[in-house]
Amino acid sequence: MQPKSDRDLAGMVPALLGWFDRSARTLPWRSARGVARDPYRVWLSEIMLQQTTVPHAAPYFEAFTRRWPTVEALAAAADEEVMQAWAGLGYYARARNLLKCAREVSARGGFPVTEKELLTLPGIGPYTAGAIAALAFGERTPAVDGNAERVFSRLLATQEDWAAAKRRIGHIARDLVPASRPGDFAEALMDLGAGVCTPKQPSCGLCPITEYCAAYAEGRPDRYPIKPAKTARPVRYGAAYVLRRKSDVWLIRRPPSGLLGGMLALPSSEWAETRTASDPPVEAGWTSVGEVRHVFTHFALHLDVMVAEARREQLPEGYWAPAEDLAGLPTVFAKAASLAGLNARQRR
DNA sequence: AACACGGGGGA
DNA sequence: TCCCCAGTGTT
């Protein structure tokens with residue numbers, strides 16, 4: 001069987017939309033069928049879902065919309081409140097940009113309605129601009145996320161370099177967006193990628209568009225997309241310090257940019273490529289209570305967790321927080337606090 | 001074009 | 001383990 005030419009793909013649009021009408025997922029940020037989507041909820045959900053799974057983002061979406069029901073309410077929130085509410089969701093630059101964006105939007109009286117203008121806002125890149133324009137404003141723009149890239153890679157059985165394939169997919173997707181239902185087309189592609197055209201063992205038996213799929217025709221859809229091999233992840237070592245004073249713990253706020261930027265944290269040593277001598281923030285009777293391991297995107301961290309009772313030292317910048325409520329710590333420090341016997345937010 | 005940037009879940 | 005996820009911003 002011959003792979004379909006790009007032109008043949010046009011037929012997949014009505015087939016996909018028909019399938020979507022029958023089996024769309026119900027999600028917290030989706031409006032009822034036929035009801036206009038709220039730009040604020042579309043935007044907030046799209047930011048939260050960047051590189052983040054639906055089950056992980058969903059409770060955060062509920063909490064944010066309950067606490068800040070409008071973009072104006074979010075714009076008026078204090079930075080620390082928002083960073084604390086985002087804790088555990090990861091990629092904290094998203095939270096910093098979320099606030100910047102909310103304040104810009106609030107100041108200009110609402111979200112811009114075109115892909116081009118949306119692209120100028122902080123935290124909104126090519127994918128998110130297209131998604132918001134299509135979902136909230138009905139513009140004929142594509143929303144090519146990781147799901148859509150995988151679906152198209154299989155439809156086309158892309159052989160070229162993955163970067164080149166993604167460029168080609170972007171153009172093809174843009175041409176296919178139906179003028180009548182751009183938002184539904186975007187959600188349909190996402191639902192198909194998430195539930196049917198999955199990375200491993202895709203359920204081609206449930207797929208409404210196998211007729212258009214070159215990878216299916218080849219019999220090995222799981223071989224696509226063809227991506228470059230990942231490089232190994234190095235390990236870094238360091239120590240985190242839990243300084244106690246009665247029922248309090250000493251916390252710091254990390255610098256506004258970089259890893260975990262702007263987040264609440266335990267004081268810690270530099271993170272080196274080899275185990276190095278302990279480097280506590282103050283002199284005290286430090287004892288180790290064990291090690292926590294945490295995996296970041298581009299390195300793994302082994303953190304020795306040190307505990308001590310405070311004496312009367314001059315402390316560096318920071319403040320005392322109640323040990324029974326350490327909500328708002330990023331996961332790596334929540335793990336460390338937990339190991340030290342403190343009640344930090346910890347899933348699992 | 002390559003890298004920095006979290007965290008969790010599935011196979 | 002390894003891979004992936006509704007990616008963006010910086011260099």
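Note that the structure is predicted; figures quoted are calculated from it, not measured. The sequence lines fix the lettering, A, B, ..., with proteins before strands; numbering per chain opens at 1.
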Participant: Taking the side chain of Asp145(A) as its heavy atoms from C-beta onward, which of dC5(C), dG7(B), dA6(C) lies nearest to it?
Facilitator: dA6(C)
Participant: Taking only N and O in the side chain of Thr331(A), is any of them less than 4.0 Å away from OP1 or OP2 of dG8(B)?
Facilitator: yes
Participant: Tell me: CG of Leu49(A) to P of dA6(C), nearest whole Å?
Facilitator: 8 Å
Participant: Would you indicate what Ile124(A) reaches in the nucleic acid, counting non-hydrogen atoms under 4.0 angstrom: base, sugar-phosphate, or nothing?
Facilitator: sugar-phosphate
Participant: Distance alone, cut at 3.5 Å: any donor-acceptor contact between the side chains of Ser257(A) and Arg96(A)?
Facilitator: no
Participant: Not counting sequence neighbours, list each pair that qualifies as a ring-ring contact (aromatic ring centres under 6.0 Å, His included) and has a residue in residues 231-288 of chain A.
Facilitator: Tyr237(A)-His302(A), Tyr241(A)-Trp286(A), Trp250(A)-Trp320(A)
Participant: What distance, rounded to whole Å, do you find between the two C1' atoms, one in dG9(B) and one in dT8(C)?
Facilitator: 23 Å
Participant: Could you check whether the rings of His294(A) and Phe296(A) sit parallel, tilted or perpendicular, using 30° and 60° as the cut-offs?
Facilitator: perpendicular
Participant: Would you state whether a donor and an acceptor, one from the side chain of Thr52(A) and one from the base of dG6(B), lie under 3.5 Å apart?
Facilitator: yes
Participant: For Arg25(A), answer base if it contacts any base atom (sugar-phosphate contacts may also be present), sugar-phosphate if it contacts only those atoms, and nothing otherwise; contact means non-hydrogen atoms under 4.0 Å.
Facilitator: base
Participant: Find the distance Arg233(A):CZ to dC4(C):C1' and express it as a whole number of Å.
Facilitator: 11 Å
Participant: Report the secondary structure of DNA chain B in dot-bracket form, marking unpaired bases with a dot and bases paired to a different strand with |, and treating Watson-Crick or G-U pairs with both distances under 3.5 Å as paired.
Facilitator: |||||.|||||
Participant: Which nucleotide sits closest to the side chain of Arg167(A): dA1(B), dC4(C), dA6(C)?
Facilitator: dA1(B)
Participant: Ile172(A), Val177(A): one ILVMFWY side-chain cluster at the under-4.5 Å cut-off?
Facilitator: yes
Participant: Tell me which pairs pass ring-ring contact (aromatic ring centres under 6.0 Å, His included) where either residue lies in residues 129-176 of chain A, with sequence neighbours left out.
Facilitator: none
Participant: Is Arg103(A) salt-bridged to Glu72(A), going by a charged N under 4.0 Å from an acidic O?
Facilitator: no
Participant: Here's one to test your reading of the geometry: is the NZ or CZ of Arg154(A) within 45 degrees of the ring axis of Tyr224(A) and under 6.0 Å from its centre?
Facilitator: no
Participant: Show me the donor-acceptor pairs, under 3.5 Å and distance only, between side chains in residues 194-208 of chain A and residues at least two apart or in other chains.
Facilitator:
from      : atom 1 : to        : atom 2 : distance (Å)
Thr198(A) : OG1    : Lys200(A) : O      : 3.1
Thr198(A) : OG1    : Gln201(A) : O      : 3.4

Participant: So what does Tyr127(A) hit on the nucleic acid, given a heavy-atom distance under 4.0 Å: a base, only sugar-phosphate, or nothing?
Facilitator: base
Participant: Need one value for Leu135(A): base, sugar-phosphate or nothing, where a base atom within 4.0 Å counts as base even if backbone is also close, heavy atoms only.
Facilitator: nothing
Participant: Would you indicate which nucleotide in dC3(C), dA6(C), dA11(B) comes nearest to any side-chain atom of Lys230(A)?
Facilitator: dC3(C)
Participant: Arg94(A) CZ to dA6(C) P: how many Å, rounded?
Facilitator: 12 Å
Participant: Quick one: do Tyr127(A) and Phe111(A) end up in the same hydrophobic cluster if we chain Ile, Leu, Val, Met, Phe, Trp and Tyr together by side-chain heavy atoms under 4.5 Å apart?
Facilitator: no
Participant: Closest-nucleotide mapping onto DNA chain C: is Ala229(A) or Thr128(A) further toward the 5' terminus? I mean the 5' end.
Facilitator: Ala229(A)
Participant: Under 4.0 angstrom, heavy atoms only, what part of the nucleic acid is Trp43(A) near: base, sugar-phosphate, or nothing?
Facilitator: nothing
Participant: Checking all strands, does Pro55(A) fall into the base, sugar-phosphate, or nothing category for heavy-atom contacts under 4.0 angstrom?
Facilitator: nothing
Participant: Under 3.5 Å between N/O atoms: give me all the protein pairs with nucleotides 3-5 of chain B, atom names plus distance.
Facilitator:
from   : atom 1 : to        : atom 2 : distance (Å)
dC5(B) : OP1    : Leu259(A) : N      : 3.3
dC5(B) : OP2    : His298(A) : NE2    : 3.0

Participant: Taking CH2 from Trp86(A) and C1' from dT8(C), how many angstroms apart are they, rounded to a whole number?
Facilitator: 12 Å
Participant: What integer distance in Å separates Glu149(A):CD from dA6(C):P?
Facilitator: 11 Å
Participant: Want to settle it: does Gly123(A) or Leu27(A) sit nearer the 5' end of DNA chain C, counting the closest nucleotide to each?
Facilitator: Leu27(A)
Participant: Round to the nearest Å and state the distance from Leu89(A) atom CG to dG6(B) atom P.
Facilitator: 11 Å
Participant: Could you give the distance separating dA6(C) and dC5(B) at their P atoms, to the nearest angstrom?
Facilitator: 23 Å
Participant: Among residues at least two apart in sequence or on other chains, which ones pass side-chain contact (heavy atoms from CB on, under 4.5 Å) with Ala277(A)?
Facilitator: none
Participant: Has Gln51(A) got a side-chain N or O lying under 4.0 Å from the OP1 or OP2 atom of dG7(C)?
Facilitator: yes
Participant: Distance check: side-chain N/O of His294(A) vs OP1/OP2 of dG7(B), anything under 4.0 Å?
Facilitator: yes
Participant: Are side-chain N/O atoms of Thr120(A) and Glu117(A) paired as donor and acceptor at under 3.5 Å?
Facilitator: no
Participant: P atom, dG8(B) versus dG9(C): distance in rounded Å?
Facilitator: 24 Å
Participant: Find the distance Asn147(A):CG to dG7(C):P and express it as a whole number of Å.
Facilitator: 7 Å
Participant: Would you kindly give the NZ-to-P distance between Lys335(A) and dG7(B), to the nearest whole Å?
Facilitator: 8 Å
